[in-house]
Amino acid sequence: MGRVRKKRGRPVVIGVLVVAVTGVGLGLYWFQPWKLWQDETVQEALPSAVAPAAPPAGTASASPSPAPRPRTLAGGELISHEHATSGTVKLVRLADGSHVVRLEDLDTSNGPDLRVWLTDAPVKEGRAGWHVFDDGAYVSLGELKGNKGSQNYVVPADVDPSRFTSVSIWCDRFDVSFGAAELART
């Protein structure tokens, strides 16, 4: 009778092991804890002004006017939320009239599914600010290119940047802000 019990118990033990291994695998995929120790540094220059077209041959031109330069419209300092985050954020209008959000000297933790969001939410310090950015209007400018460095994110042409007041480094997987900056108009 002892042998019968041992044989019946094996499938249960194997089933529990399969469930446990599957659970650990899914947990690792979901949380991606190794990213906390992996830094990705990105150093991008601010996009430069587009060179003006040369006047047609044979036409007299007055002294060339200087090409329009990129202009900072708003900016702010990043504050920490879920993870320690520092650096500055700028909303810049380029010479061609397009806009970019520029992160400078960014330093935050790496994580799964990080995005740069342009939002209309107020920036709040501490835990009160962790979850507010998906409550109102926001535009995802794309995946965070790197958790360190300076980088640019194009604002889509159909988006009016004056409607937004803040930028968040947003973890889409866990619906939490790693850090954010209020955009003060200059």
Side-chain angles (χ1 to χ4, degrees), residues 39-81 83 85-108 110-111 113-125 129-173 175-186:
D39 288 330
E40 182 71 29
T41 301
V42 173
Q43 293 294 346
E44 292 181 329
L46 181 64
S48 61
V50 179
T59 60
S61 68
S63 64
S65 61
R69 300 180 50 159
R71 181 169 170 246
T72 300
L73 303 176
E77 295 288 323
L78 286 162
I79 65 167
S80 299
H81 282 146
H83 292 266
T85 301
S86 63
T88 58
V89 175
K90 293 179 181 178
L91 174 62
V92 179
R93 183 175 58 222
L94 301 177
D96 65 1
S98 64
H99 295 87
V100 296
V101 168
R102 178 158 175 82
L103 305 178
E104 292 183 339
D105 302 319
L106 174 66
D107 188 0
T108 191
N110 205 343
D113 207 14
L114 295 180
R115 308 284 173 169
V116 177
W117 278 12
L118 190 57
T119 80
D120 68 351
V123 175
K124 299 177 183 177
E125 292 201 28
W130 289 15
H131 302 283
V132 300
F133 298 100
D134 59 350
D135 294 343
Y138 63 89
V139 174
S140 177
L141 303 180
E143 289 186 20
L144 186 69
K145 297 173 184 176
N147 63 310
K148 296 187 182 300
S150 297
Q151 46 213 266
N152 306 302
Y153 296 87
V154 175
V155 177
D158 62 343
V159 172
D160 177 7
S162 66
R163 291 185 35 223
F164 299 96
T165 58
S166 60
V167 171
S168 174
I169 308 300
W170 184 258
C171 180
D172 219 17
R173 172 131 339 134
D175 293 326
V176 67
S177 174
F178 274 34
E182 195 80 39
L183 291 174
R185 304 293 172 186
T186 57

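Note that this is a predicted model, so its numbers are computed, not measured.
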Undergrad: side-chain contact (heavy atoms from CB on, under 4.5 Å) for D175 and W130? Distances and angles first, verdict last.
TA: CA-CA 8 Å; D175 293 326; W130 289 15; over 6 Å; no

Undergrad: Can you check whether H131 reaches V176 side chain to side chain, under 4.5 Å on heavy atoms?
TA: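 Yes, their side chains come closer than 4.5 Å.
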
Undergrad: Identify the residue among E40, Q151, E44 that makes a side chain to side chain donor-acceptor pair (under 3.5 Å) with K145.
TA: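 Option passing the side chain to side chain donor-acceptor pair (under 3.5 Å) with K145: E44.
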
Undergrad: So, the side chain of N110 versus the backbone of N147: is there a donor-acceptor pair under 3.5 Å, distance only?
TA: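 Absent.
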
Undergrad: Using atom types as modelled and distance alone, determine if a side-chain donor or acceptor of T186 lies under 3.5 Å from a backbone N or O of L73.
TA: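 Yes.
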
Undergrad: Quick check: do S86 and L78 have side-chain heavy atoms less than 4.5 Å from each other?
TA: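 Result no, sub-4.5 Å side-chain heavy-atom pair not found.
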
Undergrad: Output yes when a side-chain donor or acceptor of N152 lies under 3.5 Å from a complementary backbone atom of A45, and no otherwise.
TA: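 It does hold such a pair.
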
Undergrad: If I take atom CG from residue D172 and atom CG from residue L144, how far apart are they, to the nearest 0.5 angstrom?
TA: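 Reported value, rounded in 0.5 Å steps: 12.5 Å.
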
Undergrad: Rounded to the nearest 0.5 Å, what separation is found between the CG atom of D120 and the CZ atom of F133?
TA: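 If I round to the nearest 0.5 Å, the distance is 10.0 Å.
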
Undergrad: Run through S177, S140, S166 and flag the one making a side chain to side chain donor-acceptor pair (under 3.5 Å) with T119.
TA: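 The passing option is S166.
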
Undergrad: Who passes ring pair (Phe, Tyr, Trp, His ring centres under 6.0 Å) against W117, sequence neighbours left out?
TA: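 If we apply the ring pair (Phe, Tyr, Trp, His ring centres under 6.0 Å) test to W117, skipping adjacent residues, the hits are Y138, W170.
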
Undergrad: Hey, mind stepping through V167 and L141 against side-chain contact (heavy atoms from CB on, under 4.5 Å) and telling me if it holds?
TA: CA-CA 10 Å; V167 171; L141 303 180; over 6 Å; no

Undergrad: Counting N and O atoms only, with roles assigned by atom type, does the side chain of H99 sit under 3.5 Å from a partner on the main chain of L91, one being a donor and the other an acceptor?
TA: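 Judged by distance alone, no pair lies under 3.5 Å.
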
Undergrad: Indicate the atoms forming the closest heavy-atom contact of A180 with H81, along with that distance.
TA: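 Distance-wise, the nearest heavy atoms are CB-CE1, 3.6 Å.
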
Undergrad: Among V89, V101, T165, find the residue that satisfies the side-chain contact (heavy atoms from CB on, under 4.5 Å) test when tested with L183.
TA: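 That would be V89; it is the only one of V89, V101, T165 passing the side-chain contact (heavy atoms from CB on, under 4.5 Å) with L183.
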
Undergrad: How close do P70 and L46 get, counting heavy atoms only, and between which atoms?
TA: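 Closest approach of P70 to L46, heavy atoms only: CB-CD2, 3.9 Å.
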
Undergrad: L94 vs V100, test: side-chain contact (heavy atoms from CB on, under 4.5 Å). Steps then yes/no.
TA: CA-CA 8 Å; L94 301 177; V100 296; 4.0 Å; yes

Undergrad: Can you establish whether the number of heavy atoms outside K124 located under 6.0 Å from its atom NZ is more than 12?
TA: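 Open.
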
Undergrad: Distance from T88 atom OG1 to L106 atom CG, nearest 0.5 Å?
TA: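 CG of L106 is found 9.0 Å from OG1 of T88.
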
Undergrad: Should the heavy atoms of other residues, nucleotides or ligands under 6.0 Å from CD of E125 be counted, would the total exceed 12?
TA: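 Not more than 12 within 6.0 Å, no.
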
Undergrad: To the nearest 0.5 angstrom, please state how far the CZ atom of F178 sits from the OG atom of S80.
TA: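 F178 atom CZ to S80 atom OG measures 11.5 Å (nearest 0.5 Å).
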
Undergrad: Applying side-chain hydrogen bond (donor to acceptor under 3.5 Å, both in side chains), can you list everything that pairs with T85, at least two apart in sequence or on another chain?
TA: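 With neighbours one apart ignored, the set is T108.
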
Undergrad: Determine, step by step, whether S150 and D105 satisfy the side-chain contact (heavy atoms from CB on, under 4.5 Å) criterion, reporting the C-alpha distance in whole Å, the side-chain angles of both residues, the deciding distance to 0.1 Å, and the verdict.
TA: CA-CA 5 Å; S150 297; D105 302 319; 4.2 Å; yes

Undergrad: When rounded to the nearest 0.5 angstrom, what distance separates CD in E104 from CD in E77?
TA: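 So the gap between those two atoms works out to 10.0 Å.
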
Undergrad: Please list, chain by chain and in numerical order, all residues satisfying ring pair (Phe, Tyr, Trp, His ring centres under 6.0 Å) with Y153, sequence neighbours excluded.
TA: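 Scan of Y153 (ring pair (Phe, Tyr, Trp, His ring centres under 6.0 Å), adjacent residues dropped) gives none.
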
